[in-house]
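Take a look at the structure below.
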Amino acid sequence: MRRTPVGMTEVLLLVAWALVLALWRATPAHNDEAYVLWAIRVHDLPGLVATGLRLDGQPPLYPLVLWGIQHLPVFHTVPMLYLASLLLAFPFYSLMFRLACSLGGKRAGTLLLALLAFNPLVAGMMMFLRAYSLTLMLSALALWLAWRTDRHPTGARGLTWGLASLALVFTFYYGIFLVAAAFLWLLRQPRGGPRWRAALLGAALPGLGGALWARIALAPAIAIVIRHQGSPGIHPSPPEMMGNLWFTLWSGWAADARLAIAAGCAMFLILAWALIPAVRWRFPVPGFPLVTGALSLFGFLVAGWRYNFFAARYAVVALPSLLLAIAMIIARAPRRGQAVAIGWAGLIGLVGLSRIALAYRMLPENNPWYAEIAVELLERVAPGDVVIAQAPWHYQALLMVAPDAPWRLFDLQEEDRWRKAMQDRPVVWFLGVPAYRGNWEPLERTMKGWIREEVRAWPLPVDAILIRYVPPMEAPEWQPLRAVFEEGFILEAVALDAGGPPGILRVGVRMRTLRPIPRSYTFFVHLLDPGGRWITGSDAEPPVPTNAMELGVPMVFWRALQVPAWLPAGTYTVTAGAYPTGSGGWPRLRTREGADTVRLGIVQMRPRPVLSEGHPAVRCGSMTLSRFMVIRLTDYRQEGPDIFPEPGRPDRLWVQGSWRVEADHGAPPGLMVDADGRVHILRPKEPLAWEVRYPVGQIATGFWEGEVAPEQRTLRLIVTCPGGRAEFPAPTLSRQRWRWNYSWISWNRMP
């Protein structure tokens, strides 16, 4: 047999690392990944462990490591945390190569590297912001150290193997099966005193450590399992689990089922064909990987029944042994068999990797209503604002949709952190759960005296409300007004301030009444452009209802108007008025002069800050485009735990775009979307924005919306600018592909 060409090992290592890095993505954290981000970002170290025990039930090592890494400035953003998780796993390839070389020679090591370099399941698990990447590396490390201990059993080697095994068990519970298998392998020879001592010493660390942790964590973990043992309740049989693992091993989790089954069956036949000559030559059985792999797979099959659904990645601790055994079998085959096996594995692996890359660009949110919440905040929140979420699932939704938005995101429970942020007196947005309104008290107490507005509420099953708090004026300058309405209201004075948070106009009105008011009235404060057109406003009852006001006693109420993101700097008019509460805005009360509004004054407004760039800047005619985000919104209904799309309704597209004007009096860009080859025109959400002209240097943000058929996928955004045109990738899934397929025993794919 020829020797492996010089440099082949290094080339395969570089290819393996390069392919995984090519999958590294600046995409939102999804599902459980969002939970990890929430946990490590809002808790201190003891709180992180306590939260894991209460909500997750998983071992603590991976979140603890990630918690420490995310405190380093370079790894603070979500994409860099993904990179950190990848870097933790990179030694896996080198460890597996050294183990294969030690067991079967350089040829086996090179063949194993070739299998690993293009394996989509291995690469896919490294892409999860969960414990799978660290588990892969620690499984390989524990195997290699166990093999070294078997060859030269010493106390030091046994202790080193035990430490790696302890880390593995505290990363992934199924690691205990790999530790047990290696322990049994070390005990296979009778009268091996040093071997037995090394084995007992190495197994004692994970055994005692796991037992102590089980005393603390086992009961909460069982409670979590019981809580989750409901719909859909998938409990596959061992043959189904093994078949799913085999198909997923070669094609990854994002490949179509028919492709995965065909490719997996072909791979089985190729390996059988390559194995026949080796069996005829009676090659030695690779006992170590078979024993460690078999017991790990047995634990995976038995423990897999405790979940209410199933995924091949749960067999992560068995993969190193399984792939090691396959590589050693291929190494005993003729060169033609080796070439066919590695070539086919590489071909279908590249297809699987391409499907993973595509799928990660089009992952939906794990609850369709959460996208509505994220859209509302993306339209309203400015850079530097504080966002406080009461529910972890709402926090996760914001992390998934906008993980690196320049707002400051906090959990309601981390009171010390958001109280510290209040010292800057920013605009504060609170996403609360009305069913748990009693928990709002610390926040409401802190925000006492701030200008409060309930912006929007979502009914069940979302059960959320968005409240905005704007810091009050410290020393308002009151200007006399004296406007008398027909019911006897007198607006005595007004205070206007546009110098606070950018894009916010604070309006104070002092009023009193000349006689009793028989009914309640709603007061509006509106901002108008120079042409008298409505820009934004606030309609609400005063803090004391008008029918409860005391005669002659002044009452002050404050409003905070937020200008739209597309509004340029300029001079604007502020008006006010009143109408009967519940009348829908009409009829309005009139003044003694017969007008139905009162002019409060003129203000110079600054533009609202725009969100940070989501793409590299692209020149498009007379403007520079910097950020375009596309979110697909679908009408669903919920029946118990199940979510169904509403039939007969189109999907809605929401687009946010930012641009800089490079020529005087530039108009906003126009947007179209390509949906399966058909172009749809998107309309601006604020019709007035279409008529605005911007000066040179103005940076603005606009919002567009449109509709696409449920079966259509969107592919790209087409942006038309004065004198140019640009395109951005904008893939979104059709409604049919958004459904979570709970019959995925042979599919094992994300929604």
Side-chain angles (χ1 to χ4, degrees), residues 368 371-381 401-402 455-456 503 527-529 531 533-537 562-568 607-608 610-611 614-615 618 620-635 645-646 648-661 665-694 698-735:
E372 302 272 1
I373 293 176
V375 163
E376 189 74 24
L377 282 166
L378 285 168
E379 288 185 5
R380 294 178 177 273
V381 180
V401 178
V455 177
R456 184 175 173 184
L527 186 71
L528 309 180
D529 73 353
R533 293 174 296 188
W534 184 89
I535 299 294
T536 187
Q562 183 179 40
V563 301
W566 52 264
L567 191 71
R608 196 171 103 192
V610 301
L611 293 177
H615 301 281
V618 175
C620 178
S622 61
M623 59 181 56
T624 301
L625 311 177
S626 60
R627 175 187 173 93
F628 280 84
M629 175 187 295
V630 181
I631 296 178
R632 189 166 184 154
L633 304 170
T634 304
D635 291 324
E646 289 287 1
R649 296 185 183 179
D651 287 352
R652 293 164 289 144
L653 288 181
W654 176 90
V655 180
Q656 179 191 55
S658 297
W659 67 93
R660 173 188 172 92
V661 178
H665 309 299
L671 260 67
M672 295 177 287
V673 64
D674 174 12
D676 287 335
R678 297 184 61 185
V679 175
H680 301 262
I681 297 176
L682 302 178
R683 61 186 180 277
K685 288 199 67 175
E686 305 90 351
L688 183 60
W690 204 247
E691 305 172 14
V692 173
R693 298 295 181 265
Y694 298 96
Q698 174 74 63
I699 300 176
T701 295
F703 303 95
W704 292 260
E705 56 189 1
E707 294 179 348
V708 293
E711 65 276 5
Q712 289 181 323
R713 297 172 300 167
T714 63
L715 305 175
R716 59 196 174 109
L717 272 181
I718 304 169
V719 185
T720 58
C721 314
R725 170 182 168 130
E727 294 184 1
F728 294 95
T732 67
L733 293 172
S734 66
R735 180 187 298 175

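With hydrogens and angles disregarded, no donor-acceptor distance shorter than 3.5 Å links the side chain of T536 to the backbone of V563. With hydrogens and angles disregarded, a donor-acceptor distance shorter than 3.5 Å links the side chain of Y694 to the backbone of W566. Of the possible polar contacts, none joining the T701 side chain to the A565 backbone as a donor-acceptor pair under 3.5 Å is found. Under a 3.5 Å cut-off, the side chain of R693 and the backbone N or O of A667 do not form any donor-acceptor pair. Under a 3.5 Å cut-off, the side chain of D676 and the backbone N or O of R713 do form a donor-acceptor pair.
Of the inter-residue distances, the one linking L671 atom CG with H680 atom NE2 reads 14.0 Å to the nearest 0.5 angstrom. To the nearest 0.5 angstrom, E705 atom CD is 13.0 Å from I631 atom CD1. Taken from OG1 in T634 to CD in E372, the straight-line distance is 9.0 Å, to the nearest 0.5 Å. Atom-to-atom distance recorded for I535:CD1 and D529:CG is 4.5 Å, nearest 0.5 angstrom. How far CG of L717 is from CD of E727: 9.5 Å, rounded to the nearest 0.5 Å. Here the straight-line distance linking atom CD1 of I718 with atom CD1 of I681 works out to 10.0 Å at 0.5 Å rounding.
Contact between W659 and L625 at its shortest, heavy atoms only, is CB-CD2, 3.9 Å. When every heavy atom of C620 is checked against every heavy atom of G724, the shortest pair comes out as SG-C, 3.8 Å. Minimum heavy-atom separation, P668 to V692: CD-O, 3.3 Å. Scanning all heavy atoms of the two residues, the minimum distance from G706 to R683 falls at CA-NH1, 4.0 Å.
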Legend entry - side-chain contact (heavy atoms from CB on, under 4.5 Å) between L682 and V673, worked out: CA-CA 7 Å; L682 302 178; V673 64; 4.1 Å; yes
Inset, instruction - Assess whether side-chain hydrogen bond (donor to acceptor under 3.5 Å, both in side chains) is satisfied between S658 and S626, documenting all intermediate values. - result: CA-CA 6 Å; S658 297; S626 60; 4.7 Å; no
Legend entry - Residues R678, Q712; criterion side-chain contact (heavy atoms from CB on, under 4.5 Å); working and verdict: CA-CA 9 Å; R678 297 184 61 185; Q712 289 181 323; 3.7 Å; yes
Inset, instruction - List the steps, then state whether side-chain contact (heavy atoms from CB on, under 4.5 Å) holds for M629 with L378. - result: CA-CA 10 Å; M629 175 187 295; L378 285 168; 3.5 Å; yes
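Using a 4.0 Å cut-off between charged nitrogen and carboxylate oxygen, E376 and R456 count as a salt-bridge pair.
The shortest distance between side-chain heavy atoms of F728 and R716 does not fall below 4.5 Å. Residues R380 and Q562 have side chains in contact (heavy-atom distance under 4.5 Å, counting atoms from C-beta outward). Considering only heavy atoms from C-beta on, L633 comes within 4.5 Å of V375 through its side chain. The shortest side-chain heavy-atom distance between R632 and V708 falls under the 4.5 Å cut-off. When side chains are defined from C-beta on, F703 does not count as touching V655, because their heavy atoms never get closer than 4.5 Å. In this structure, the side chains of V618 and T624 stay at 4.5 Å or more apart for every pair of heavy atoms. In this structure the side chain of P564 never reaches within 4.5 angstrom of the side chain of R608, judged on heavy atoms. Counting heavy atoms from C-beta outward, M672 and T720 have side chains that approach closer than 4.5 Å.
For the residue pair E379 / W654, a side-chain donor-acceptor distance below 3.5 Å is found, with atom types taken as modelled.
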